[in-house]
Amino acid sequence: MSFNFEKVTLGNTFKDKPTSKSLPLFYKNKAPFTPSNNKQKRKVMLLKGFIFSVALYILYFLVSREFSPKFQILSNEIDWKAAQQEVRKATLDSWHTYEKYGWGTDVYHPLSERGENMGPKPLGWMIVDSIDTLMIMGCQEEVERAQKWIKNDLNYKFDYYVNNFETTIRMLGGLLSAFHLSGEDLYLDKAVGLANSLHGAYDTPSGIPYSSVNLKTGVGIKNHVDNGASSTAEAATVQLELRYLAKLTGEVDWWKISEKVMKVLESNKPKDGLVPIYVSTDTGKFQGSLIRLGSRGDSYYEYLVKQYLQTKEKETVYYDMYREAIDGIRSKLLRKSYPNGLWFIGELDRGVFSSKMDHLVCFLGGTLAVGATNGLPLSKAKEKEWWNKKREEDFEFGEELTKTCYMMYKETELGLSPEIVVFNEDESIERDFTIKKADTHNLMRPETVESIFYLYRLTGDLKYRKWGYEIFQSFMKYAKIVNKNGDISFASLQDVTSLDNEGSPKLRDNTESFWFAETLKYLYLLFDDTNKVPLDQYVFNTEAHPFPKFDLNEHLKTGWKRS
Ligand code: DMJ
């Protein structure tokens, strides 16, 4: 088999190299040296030496203030190529352990060293979600084994109910990007088979998909809880995948069913562009009043702007909806914590604000940044005629939110973020956020390193690489386990606020597939100097599977207008 790595390195113009903006001040402002005689020359040199030392000291002072003693090592030079190889090695080490003890199964338990399927047969949860990460990292042998497994052991026609959204973003998304990166028809064939099995989920009175669908019969079923409503984010986070499938196969139906969902959601005329997190499959009306950018709400906002980007900024209807939503988030959900003024996004229920923020919300920093620049480096975007104050503000918002998310790691005992924090606005309390006992876990989620990756790519500011490296180091220190045979795995953490009585991290017996699909991929790309997967040519789906942007045509174009 052959991989078309040409494709992933397309547009290899080193856009992510630091720009002059990120160079030290003394380097940028260096004046031409024109001494009139030797004595004067020596004086000038001495003076320069002095200024240089002072500048170095100030720089050192600022850097060591920024990074707490825990991360002091990072004030020294980091070899980014080596950092990238460290990420690749961590990926391969843990992948090999999965191959050894859990090969082919959907769920891997690293403590008990066993795999398990979710249904009667495997869905490829681990392998399909991870294969494009292995391709991007150039892990040829591992990809070959995964491809063989997909060819021989993966068949989506069996009697089992899957979650339509999760299966679409992870499995369909994984197969489509594997097809794009490798050019192997196998992946597209499997993607079409899977999409056909999922199709029944859209067969609802409103067009809003059911939460679950039977792979064999194609019959969709309503959510068992929440009055049968689907999550808004789940309904509105299948569009990138279905549109790309339509583009590749020419089957316009995929385009239409995904577009219909957006039209129905929009017909609710959400106030300030903010949507409640449940929607009825019968009526297409929102249910309840809880609004948040965490679970069940998050990727609705992400896919608004990404649908616009995917189609090379031609479908402005989605940008309009996004614009409205971001303005709504800014006016209704954005606040600053006390004492350090960290920008955070709270939740709203029946108009009542709560300062709780899920780690899941951390995707928004990167989305805001890439949405502001259309995937161009910030300096280039600023030269475009479409650059404006709103985009400038979005970018700043993205940077501030990403800083907050980084602080959610930096401020815990283990240097890893909890699942949820509660921000403080009370001036009598000297802590920016607190963590409830039930929320101290960390599933090795990607959202913060995802945003850090976007911001590094778009600004070239090395601070972002350093932040990403710190987080990676914390995973290496606390989530990594080595068994008696020397096999390495990474496990979710039960509690990022403390160690157990023996001084060891408290772990959960689970490795989420998004650890491979997203967290490790974004870290690898963060340290990449070759602009792999250029952001002006690709959109990442919400599970970090990259799809190329493409042109509309007479069949694939916006078929609706805002109500
Ligand atoms: C992933 O499956 C996706 O990133 C999704 O959008 C949100 N949750 C997980 C990762 O945290």
Side-chain angles (χ1 to χ4, degrees), residues 164-165 168-169 172-173 176 195 198-211 220 229-287 291 297-329 367 371 374 386 390 539 541-542 547 549-563:
N164 179 52
F165 152 78
T168 300
I169 63 166
L172 190 58
L176 291 174
L198 297 175
H199 194 279
Y202 300 86
D203 192 7
T204 68
S206 66
I208 297 293
Y210 290 126
S211 183
S230 291
S231 300
T232 307
E234 293 195 0
T237 312
V238 292
Q239 283 67 18
L240 294 185
E241 296 77 4
L242 296 184
R243 287 154 166 276
Y244 185 38
L245 185 66
K247 174 74 182 176
L248 289 173
T249 60
E251 297 286 346
V252 185
D253 185 46
W254 298 118
W255 188 277
K256 291 196 170 143
I257 59 172
S258 76
E259 193 173 50
K260 170 105 189 272
V261 177
M262 300 312 298
K263 186 180 171 197
V264 171
L265 291 175
E266 202 274 342
S267 67
N268 281 277
K269 298 197 180 135
K271 196 166 177 312
D272 299 307
L274 302 176
V275 294
I277 60 170
Y278 293 109
V279 57
S280 160
T281 52
D282 289 335
T283 63
K285 298 287 169 218
F286 289 126
Q287 267 184 218
I291 289 170
D298 49 5
S299 42
Y300 163 80
Y301 303 93
E302 177 185 353
Y303 270 33
L304 285 182
V305 73
K306 286 188 174 174
Q307 287 177 79
Y308 166 72
L309 296 175
Q310 182 183 36
T311 49
K312 301 189 178 170
E313 299 115 46
K314 293 295 180 302
E315 295 194 282
T316 49
V317 64
Y318 299 112
Y319 189 81
D320 286 352
M321 291 167 75
Y322 173 74
R323 181 72 273 141
E324 213 168 284
I326 298 303
D327 291 346
I329 292 168
T367 298
N374 291 347
W386 43 258
K390 287 272 181 197
V539 277
N541 87 338
T542 193
F547 303 154
K549 296 181 181 179
F550 57 79
D551 291 312
L552 296 173
N553 62 34
E554 57 174 313
H555 306 293
L556 308 180
K557 59 181 181 203
T558 316
W560 66 287
K561 284 205 172 68
R562 295 191 67 184
S563 52

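In this text, all values refer to a predicted model and were calculated from it rather than measured experimentally.
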Checking [X] now: which residues fulfil salt bridge (charged side-chain N to carboxylate O under 4.0 Å, His left out) with it, not counting sequence neighbours?
X: Glu259; answer: none
X: Asp327; answer: Arg323, Lys390
X: Lys312; answer: Asp551

Gap between atom [atom2] of [Y] and atom [atom1] of [X] - 0.5 Å precision:
X: Leu304; Y: Lys306; atom1: CG; atom2: NZ; answer: 11.5 Å
X: Ile291; Y: Phe286; atom1: CD1; atom2: CZ; answer: 9.0 Å
X: Leu274; Y: Ile326; atom1: CG; atom2: CD1; answer: 9.0 Å

Side-chain touch [X]/[Y], heavy atoms, less than 4.5 angstrom:
X: Trp254; Y: Thr249; answer: yes
X: Met262; Y: Trp560; answer: yes
X: Tyr300; Y: Ile277; answer: no
X: Thr311; Y: Lys549; answer: no
X: His199; Y: Ile257; answer: yes

Run the side chain to side chain donor-acceptor pair (under 3.5 Å) test against [X] and tell me which residues pass, sequence neighbours left out.
X: Thr283; result: Ser280
X: Ser299; result: Thr237
X: Thr542; result: Glu302
X: Thr281; result: none

With sequence neighbours left out, what residues match [X] under ring pair (Phe, Tyr, Trp, His ring centres under 6.0 Å)?
X: Phe547; answer: Tyr244
X: Tyr202; answer: none
X: Tyr278; answer: none

Non-hydrogen atoms of [X] and [Y] that approach each other most closely:
X: Arg243; Y: Phe550; answer: O-CZ, 3.9 Å
X: Gly173; Y: Asn541; answer: CA-ND2, 3.9 Å
X: Glu324; Y: Pro270; answer: OE2-O, 4.1 Å
X: Asn553; Y: Lys247; answer: ND2-NZ, 4.5 Å
X: Val305; Y: Gly371; answer: CG2-CA, 3.8 Å
X: Asn164; Y: Pro209; answer: ND2-CB, 3.9 Å

Side-chain (Thr168) to main-chain (Leu172) donor-acceptor, under 3.5 angstrom: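 Not confirmed, Thr168 side chain does not pair with Leu172 backbone.
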Audit row: Leu176, Leu248, side chain to side chain contact (heavy atoms under 4.5 Å, CB included) steps and yes/no: CA-CA 9 Å; Leu176 291 174; Leu248 289 173; 3.8 Å; yes
Ile208/Val261 under side chain to side chain contact (heavy atoms under 4.5 Å, CB included): CA gap, chis, key distance, verdict: CA-CA 5 Å; Ile208 297 293; Val261 177; 4.0 Å; yes
Pair Tyr308-Val317, side chain to side chain contact (heavy atoms under 4.5 Å, CB included): steps then yes or no: CA-CA 8 Å; Tyr308 166 72; Val317 64; over 6 Å; no
Between Gln310 and Tyr303, a side-chain donor and acceptor under 3.5 Å: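 Side chains of Gln310 and Tyr303: no pair found under 3.5 Å.
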Evaluation steps, side chain to side chain contact (heavy atoms under 4.5 Å, CB included), between Tyr318 and Leu309: CA-CA 9 Å; Tyr318 299 112; Leu309 296 175; over 6 Å; no
Residue pairs involving residues 260-274 (criterion side-chain hydrogen bond (donor to acceptor under 3.5 Å, both in side chains); sequence neighbours excluded):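 Every side-chain hydrogen bond (donor to acceptor under 3.5 Å, both in side chains) pair that includes a residue of residues 260-274, provided the two are not neighbours, is Glu266-Arg562, Glu266-Ser563.
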Salt bridge (Lys or Arg N to Asp or Glu O under 4.0 Å) partners of residues 274-285, not counting sequence neighbours, each pair once: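 Applying salt bridge (Lys or Arg N to Asp or Glu O under 4.0 Å) to every pair that reaches into residues 274-285, excluding sequence neighbours, yields Lys222-Asp282.
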